[in-house]
Visitor: 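Just dropping this structure here.
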Amino acid sequence: MATDSPLGTARPALTRMVLILLAAQQLLVGVWGLLAPRSFYGDFPGGPMHGWVSRLGPYDEHLVRDVGALFLALAVLWLISAVRLDRLLVAISGITALLFAVPHTLFHVLNLDLYPAGDAIAETVALVLTVIGGLMLLWLARPPAPLAPRLDARDSSSPAGPPGSGGTEDPGSAARVRGVPDRGAHLVVRQAYRMSRKRTGAVMEPARVFAHHPALLAAYGTFELVTERASRVPRRYKQLGVMRAAMIAGCEWCLDFGSAELRESGIPDEQLRDLPRYRESERFSELDKLVLDYATGMSRSPVEVSDELFAALREHFDEAQMVELSSEIALENYRARFNWAFGIGSQGFSEGAFCVAPEGPAANGRGTVSAGTG
């Protein structure tokens, strides 16, 4: 089955490398100390002439085995984090690394007089690298910067602008209905706006239109939140499927926001440029292409998903993963058709950068992408 990788960062390779390097060090110490405590006590790391542990006190089998088990537990945690690349797990790995490594390093640094100069330097470097690794994990696990649109005048947090500017007095004026301003908004609406600003740096224009019906906004927002936090399917496949659905529907806002989100997740512009010709492109794996085919079929009217295509996907995804992937693509069709109907255009998330263009006839209608270079 496909491996979950919801870190949502442009640095997954670096994150995985740091975790694996930290885990490898802990694994060596853990297995050695747990399974051969006497050898570890006398020989770690380079034999009797360079025994770092034996210089610190008398041998205690119980203590050495416990330390070995602790190192092994840390290694397992960090290896799981390297496989899943979940933001919370990576942050926890960084915290545990620092909780262990900082006092461990301080103790040894204060007792370097027990070692020859070469061993003292080598031990210090090894210990400090673990501290650096923990700090790097916390940095790598930090939330991504909000996808703030560059067309800031459209956000209601800006001062009121002239008619049509999308300021507080006239939010969402590009759409066919006037968006709900912040002033005097329903409690549910104000909370939704607050969450939107936290997520993207601005109030999403579809939210301002949706805010005319607070009950539906609350229900829809809950569905979006649960969908965003679902993590059975690797984020890449879901994002590719969503973008493909937006291309077919020709949703200008979806393509603007989706292009910026894909770029923030580490998908390079070269792959975005190749999306219209993904079947011939060497930048996409066979599973990428299956997902894109599935999104294409789901987004056609009528739907065109063959038994053969579904069976091919089932070789990679279990039942729950198929539900999650299909729900993501169907939800994007909902978003796209809602935005299309209300005439909601791009908001500037991809301003100055490449933006995926709509496919086919949609490119000639209201869905033409003007926010970026797409």
Visitor: If you group Ile, Leu, Val, Met, Phe, Trp and Tyr whenever their side-chain heavy atoms sit less than 4.5 Å apart, what else falls in with L27?
Guide: V31, L34, L35, L72
Visitor: Please indicate whether R277 has more than 12 foreign heavy atoms, meaning atoms of other residues, nucleotides or ligands, lying under 6.0 Å from its CZ.
Guide: yes
Visitor: With a cutoff of under 4.5 Å between side-chain heavy atoms, which Ile, Leu, Val, Met, Phe, Trp and Tyr residues group with L187?
Guide: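 Answer for L187: none, a lone residue.
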Visitor: Is the closest side-chain heavy-atom distance between S281 and Q271 below 4.5 Å?
Guide: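 No; the side chains remain at least 4.5 Å from each other.
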Visitor: Under 4.0 Å between a side-chain nitrogen and a carboxylate oxygen: does that hold for E324 and K238?
Guide: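 Here E324 pairs with K238 in a salt bridge, since their nearest N and O are under 4.0 Å apart.
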Visitor: Which of parallel (below 30°), tilted (30 to 60°) and perpendicular (above 60°) describes F317 and Y237?
Guide: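 Rings of F317 and Y237: perpendicular, as their planes differ by over 60°.
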Visitor: Tell me the closest heavy-atom pair linking E328 and T227, and the distance in Å.
Guide: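 Heavy-atom minimum between the residues: OE2-CG2, 3.3 Å.
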Visitor: Walk me through whether D288 and R236 qualify under side-chain contact (heavy atoms from CB on, under 4.5 Å).
Guide: CA-CA 9 Å; D288 288 340; R236 171 185 174 84; 2.8 Å; yes
Visitor: Any heavy-atom pair between the side chains of S327 and F223 that's under 4.5 Å?
Guide: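 In short, these two side chains touch, coming nearer than 4.5 Å.
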Visitor: From F257 CZ over to N339 CG, what is the distance, rounded to the nearest 0.5 angstrom?
Guide: 11.5 Å
Visitor: Taking only Lys NZ, Arg NE, NH1 and NH2, and the carboxylate oxygens of Asp or Glu, determine whether D293 and R279 approach each other closer than 4.0 Å.
Guide: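 R279 and D293: salt-bridged.
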Visitor: If I compare all heavy atoms of A75 with all of Q26, which pair ends up nearest, and what's the gap?
Guide: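 Closest approach of A75 to Q26, heavy atoms only: CB-CB, 3.8 Å.
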Visitor: Can E205 and W253 be counted as having a side-chain donor-acceptor contact under 3.5 angstrom?
Guide: no
Visitor: If we ignore hydrogens and angles and just use 3.5 Å, is the side chain of R197 paired with the main-chain N or O of V203 as donor and acceptor?
Guide: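 No: the side chain of R197 does not pair with the backbone of V203.
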Visitor: How close do A211 and Y193 get, counting heavy atoms only, and between which atoms?
Guide: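 Taking A211 first and Y193 second, the nearest heavy atoms are CB-OH, 3.5 Å.
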Visitor: For F71 and H104, take the angle between the two ring planes, folded into 0 to 90°, and tell me which bin it lands in: parallel under 30, tilted 30 to 60, perpendicular over 60.
Guide: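 Taking H104 first and then F71, their aromatic rings stand perpendicular (interplane angle over 60°).
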Visitor: Using 0.5 Å steps for rounding, measure from the CG atom of L292 to the CG atom of L240.
Guide: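 Reported value, rounded in 0.5 Å steps: 5.0 Å.
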Visitor: Is any side-chain heavy atom of L22 closer than 4.5 Å to one of L137?
Guide: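 In contact.
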Visitor: Dump the intermediate steps for side-chain contact (heavy atoms from CB on, under 4.5 Å) on L56 and H108, then the final yes or no.
Guide: CA-CA 10 Å; L56 297 173; H108 283 280; 3.6 Å; yes
Visitor: Could you give the distance from OG1 (T296) to NZ (K289), rounded to the nearest 0.5 Å?
Guide: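 With rounding to 0.5 Å, OG1 (T296) is 13.0 Å from NZ (K289).
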Visitor: Quick check: does any side chain N or O of T96 sit under 3.5 Å from a backbone N or O of I92, one acting as donor and the other as acceptor?
Guide: yes
Visitor: Set out, in order, the CA-CA distance, both residues' side-chain angles and the distance that settles side-chain contact (heavy atoms from CB on, under 4.5 Å) for M243 and L255, then state yes or no.
Guide: CA-CA 7 Å; M243 181 58 74; L255 292 167; 3.5 Å; yes
Visitor: Which heavy atom of A260 sits nearest a heavy atom of F349, and at what distance?
Guide: CB-O, 3.6 Å
Visitor: Determine whether a donor-acceptor pair (N or O, by modelled atom type, separation under 3.5 Å) exists between the side chain of D66 and the backbone of L63.
Guide: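 Not at all, since once roles are kept as given, no pair shorter than 3.5 Å links the two residues.
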Visitor: To the nearest 0.5 Å, tell me how far S196 OG sits from M204 CE.
Guide: 4.5 Å
Visitor: Please check this pair: side chain of H212 against backbone of R178, looking for a donor-acceptor N/O pair closer than 3.5 Å.
Guide: yes
Visitor: Using distance alone, with no hydrogens and no angle criterion, decide if D256 and S346 have a side-chain donor and acceptor under 3.5 Å apart.
Guide: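 No, no side-chain donor-acceptor pair sits under 3.5 Å.
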Visitor: List the atom of S39, the atom of W32, and the distance in Å for their closest heavy-atom pair.
Guide: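 Closest heavy-atom pair between S39 and W32: OG-NE1, 3.1 Å.
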Visitor: Test side-chain contact (heavy atoms from CB on, under 4.5 Å) on Y115 and I121 and set out the steps.
Guide: CA-CA 9 Å; Y115 301 95; I121 294 172; over 6 Å; no
Visitor: Could you identify which residues cluster with L135, counting Ile, Leu, Val, Met, Phe, Trp and Tyr as linked when any side-chain heavy atoms lie under 4.5 Å apart, either directly or through a chain of such contacts?
Guide: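 Members besides L135, by chain and number: I95, L98, L99, V102, L106, V131, L138.
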Visitor: Between W340 and A249, is there a donor-acceptor pair closer than 3.5 Å when you use the side chain of the first and the backbone of the second?
Guide: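 Yes, the answer is positive, given that a donor and an acceptor are paired below the 3.5 Å cut-off.
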Visitor: With a 4.0 Å cut-off on N to O distance, would you call D182 and R194 a salt bridge?
Guide: no
Visitor: Side chain of S306, backbone of L309: donor and acceptor closer than 3.5 Å?
Guide: yes
Visitor: Any salt bridge between R273 and E270, counting N to O under 4.0 Å?
Guide: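 Result for this pair is no, no salt bridge flagged.
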Visitor: Considering only heavy atoms from C-beta outward, does the side chain of E332 approach that of C254 to under 4.5 Å?
Guide: yes
Visitor: Is there a donor-acceptor contact under 3.5 Å linking the side chains of T130 and Q25?
Guide: yes
Visitor: So, R199 and E224, do they make that salt bridge, N to O below 4.0 Å?
Guide: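 No, this pair does not count.
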Visitor: Are R263 and F354 in a cation-pi contact, defined as NZ or CZ under 6.0 Å from the six-membered ring centre and within 45° of the axis?
Guide: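 Ring-cation test returns no.
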Visitor: Using 0.5 Å steps for rounding, measure from the CE atom of M298 to the CZ atom of R244.
Guide: 13.5 Å
Visitor: Give a yes or no on whether M322 atom CE has more than 12 heavy-atom contacts from other residues, nucleotides or ligands under 6.0 Å away.
Guide: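 Enclosed.
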Visitor: Please answer whether the main-chain N or O of I248 pairs with a side-chain N or O of S299 as donor and acceptor at a distance below 3.5 Å.
Guide: no
Visitor: Hey, does the side chain of R142 reach the backbone of W139 with a donor-acceptor pair shorter than 3.5 angstrom?
Guide: yes
Visitor: Would you say that L225 contacts T222 through its side chain, given a criterion of any heavy-atom pair below 4.5 Å between the two side chains?
Guide: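 When only atoms from C-beta onward are counted, T222 and L225 do not touch, as no gap falls below 4.5 Å.
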Visitor: Any non-hydrogen side-chain atom of D86 less than 4.5 Å from a side-chain atom of S81?
Guide: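 D86 does not reach S81 side chain to side chain.
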Visitor: Under 4.0 Å between a Lys/Arg side-chain N and an Asp/Glu carboxylate O for R235 and E261?
Guide: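 Yes.
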Visitor: So, D318 and R232, do they make that salt bridge, N to O below 4.0 Å?
Guide: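 So D318 does not pair with R232 through a salt bridge.
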Visitor: Within this structure, what is the OG-CG distance for the pair S326 and L331, rounded to the nearest 0.5 Å?
Guide: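 With rounding to 0.5 Å, OG (S326) is 12.0 Å from CG (L331).
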